[in-house]
Amino acid sequence: MHKLIHFLKQANNIVFMTGAGISAESGIPTFREAQTGLWEKFKAEELATPQAFEQDPLLVWKWYQWRRQLIAKNKPNPGHLAITKIQNELKHVTLITQNVDGLHQEAGTRDVIEFHGNIRNNKCSYCSHVENNSDNQSDVIPQCPNCEVNLRPAVVWFGESIPESASQQSMQAASQADLFFSVGTSSRVYPAAGLVELARQNKATIVEINPNATPMTSIADYVFAEPASVALQRIIEVLSLPGDLVNTKSNI
Ligand code: BV8
Ligand code: ZN
């Protein structure tokens, strides 16, 4: 941990990339764990596609409304809050998130790059119309005022490209990072997972925080095989202690 904290304090460009695992401790199911209740017979990856929305818009719409209500009932956890604290205490910390739940912003993290869009808004697939969905709990799908077609959640579905600005900002951040944290992601979805590889190619020190191994574990310089809130709070504790750093009981 000593060397990592030394890196943290010396780093000029720190990047955090988060996945569904950081929201798991807020009660939001991760993307690949089996769904529950009326959604248990569906796989998230099958519902989060333009084809699914085309085929059964109401089914996909209800799934998103269900997720929105779940998110609204939950709040950021200590893992989200720790990233905000690190961003406030250290210079130049960039957060890229694959999550669409908005919990990082709610935790006070600034300039969040939403790599897969956000669930708060609806957008039109045919024009630039976007509208907020926050207080709409209806099962009636809103229509685009310009095109008179179904609006859809303002997220990036499988088979859709990453929004240009999010993609550009993320690639720039990853290529300039000297310290890159991959937090709570199975590192299976591309191009997001490729950002770790891009950082690595540019000689960044890679830290993975995930209770389970992923395809990125083998290229990580430091691995915290524990929940995000535990690992990030340990880093905060050791970071904010003055002078010499305490020994932590971990393999780091
Ligand atoms: C693209 C928004 C170019 C929606 C998401 C065939 C056709 C088309 C494309 C493809 C194809 N084959 C492959 C692709 C590319 C595809 C892809 O990568 N597929 C994968 C499945 C192989 N990618 C795309 O389609 C992307 N676009 O490539 O465009 C293109 C265009 C046209 C045609 C071809 C290519 C777009 C991908 C974006 C999809 N949208 N979300 C919504 O949310 O509804 S992705 C979705 O997965 C979520 O955003 C999620 O964040 C993301 C990644 O998953 P994870 O976050 O990693 O979540 P997961 O559940 O997997 O893992 C959770 C982890 O947390 C676990 O490791 C667990 O151990 C850990 N954990 C659990 N608890 C904790 C914890 N960690 C820490 N603390 C804890 N407490
Ligand atoms: Zn439209």
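Counting starts at 1 for both ligands and their atoms, in listed order.
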- request: Enumerate the atoms of ligand 1 whose separation from the nearest heavy atom of V189 is less than 4.0 angstrom.
  value: 18 (O), 37 (C), 47 (O), 53 (C)
- prompt: Closest heavy-atom contact between R120 and G102?
  reply: NH1-CA, 3.5 Å
- prompt: Would a search of protein heavy atoms around atom 46 (C) of ligand 1 find one under 4.0 Å away?
  reply: yes
Nitrogen or oxygen of G19 less than 3.5 angstrom from that of ligand 1: no
- prompt: For the atom pair OG (S229) and CZ (R234), what is the distance rounded to the nearest 0.5 Å?
  reply: 11.0 Å
query: To the nearest 10°, what's the angle at the Zn ion (ligand 2) between atoms SG (C127) and SG (C147)?
result: 110°
- prompt: Under 4.0 Å from atom 35 (C) of ligand 1, do we find at least one protein heavy atom?
  reply: no
field: Any side-chain donor near an acceptor of the partner, S182 and E208, under 3.5 Å
entry: no
- request: Could you check atom 21 (C) of ligand 1 against the protein and tell me its nearest heavy-atom contact, residue, atom and distance included?
  value: E45 OE2, 2.9 Å
message: Using a 4.0 Å cut-off to any heavy atom of N99, which atoms of ligand 1 qualify?
response: 51 (O)
message: Any heavy atom of I22 closer to ligand 1 than 4.0 angstrom?
response: no
- request: Please name the pair of heavy atoms, one in D178 and one in N12, separated by the smallest distance, quoted to 0.1 Å.
  value: OD2-N, 2.8 Å
message: Can a side-chain donor-acceptor contact be found between D139 and Q65 if the only test is distance below 3.5 angstrom?
response: no
- prompt: Can you find a protein heavy atom under 4.0 Å from atom 31 (C) of ligand 1?
  reply: yes
query: With a 4.5 Å limit on heavy-atom distance, are the side chains of N210 and T185 in contact?
result: no
- prompt: What about W157: any of its N or O atoms under 3.5 Å from an N or O on ligand 1?
  reply: no
message: Students should be able to answer this: which protein heavy-atom is nearest to atom 33 (C) of ligand 1, and at what distance?
response: G159 O, 3.8 Å
query: Would a 4.0 Å cut-off, counted as strictly less than, catch a protein heavy atom around atom 8 (C) of ligand 1?
result: yes
field: Close-contact set for ligand 1 against N212 heavy atoms, below 4.0 Å
entry: 68 (C), 69 (O)
message: Using a 3.5 Å cut-off on N or O atoms only, is E33 in polar contact with ligand 1?
response: no
- prompt: Should you measure from each heavy atom of E160, which atoms of ligand 1 turn up under 4.0 Å away?
  reply: 1 (C), 26 (C), 27 (N), 29 (O), 36 (C)
message: Any heavy-atom pair between the side chains of N122 and Y64 that's under 4.5 Å?
response: no
At the Zn ion (ligand 2): angle between C144 atom SG and C124 atom SG, to 10 degrees: 110°
task: Would you tell me whether Q105 and E114 have side-chain atoms, one donor and one acceptor, within less than 3.5 Å of each other?
output: yes
R67, Q98, H116: member with heavy atom nearest to atom 43 (O) of ligand 1: R67
query: Going through the checks in order, is the side chain to side chain donor-acceptor pair (under 3.5 Å) test met by S175 and N202?
result: CA-CA 6 Å; S175 53; N202 290 281; 5.1 Å; no
- prompt: Quick one: nearest non-hydrogen protein atom to atom 48 (C) of ligand 1, plus distance?
  reply: F31 CD1, 3.6 Å
query: Using the benzene-type ring in the case of Trp, are the ring centres of F53 and W157 under 6.0 Å apart?
result: yes
task: Check each atom of ligand 1 against the heavy atoms of Y64 and keep those under 4.0 Å away; list them by number with element.
output: 4 (C), 42 (C), 44 (O)
field: Option nearest atom 4 (C) of ligand 1 (shortest heavy-atom distance, choices V60, V156, L47)
entry: V156
- prompt: Does an N or O from T214, backbone or side chain, lie closer than 3.5 Å to an N or O of ligand 1?
  reply: no
query: Are the charged groups of R152 and E160 less than 4.0 angstrom apart, N to O?
result: yes
statement: closest protein heavy atom to atom 16 (C) of ligand 1 is Y190 O, 3.8 Å
- prompt: Is atom 12 (N) of ligand 1 less than 4.0 angstrom from some protein heavy atom?
  reply: no
field: same_hphob_cluster(V15, I22) at 4.5 Å side-chain heavy-atom cutoff
entry: no
message: Is the terminal nitrogen or CZ of R68 (NZ for Lys, CZ for Arg) located under 6.0 angstrom from the six-membered ring centre of W66 and within 45° of that ring's axis?
response: no
field: For ligand 1, the portion of T30 having any non-hydrogen atom under 4.0 Å away
entry: both
Location of contacts on A24 toward ligand 1, heavy atoms closer than 4.0 Å: side chain
query: Going by distance only, is there an N or O of N210 that falls short of 3.5 Å from an N or O of ligand 1?
result: yes
statement: Within 4.0 Å of some non-hydrogen atom of R188, the atoms of ligand 1 are 18 (O), 20 (C), 22 (C)
Distance (rounded to the nearest 0.5 Å) between F224 CZ and Y222 OH: 9.0 Å
- prompt: Ignoring hydrogens and geometry, is there a side-chain-to-backbone donor-acceptor pair from T214 to S187 under 3.5 Å?
  reply: no
- line: For A228, the atoms of ligand 1 under 4.0 Å from one of its heavy atoms are 77 (C), 78 (N), 79 (C)
query: So, is H129 placed with an N/O/S atom under 2.8 Å from the Zn ion (ligand 2), counting both backbone and side chain?
result: no
Nearest neighbour in protein (non-hydrogen) for atom 58 (O) of ligand 1: A20 CB, 3.5 Å
query: Counting only heavy atoms, which portion of E25 has something under 4.0 Å from ligand 1: side chain, backbone, both, or neither?
result: side chain
query: Which protein non-hydrogen atom lies closest to atom 59 (P) of ligand 1, naming both residue and atom, and how far is it?
result: R32 NH1, 3.3 Å
query: Run the side chain to side chain donor-acceptor pair (under 3.5 Å) check on E164 and Q168 step by step: do they pass?
result: CA-CA 6 Å; E164 192 52 35; Q168 288 295 338; 2.9 Å; yes
query: Given N99, which of I119, N118, T18, V112 fulfils the side-chain contact (heavy atoms from CB on, under 4.5 Å) condition?
result: T18
- line: atom 72 (C) of ligand 1 sits nearest the protein heavy atom G21 CA, 3.9 Å
- prompt: Can L232 be reached from M17 by stepping across I, L, V, M, F, W or Y side chains whose heavy atoms are under 4.5 Å apart?
  reply: no
- prompt: Any side-chain donor paired with an acceptor under 3.5 Å for E131 and H129?
  reply: yes
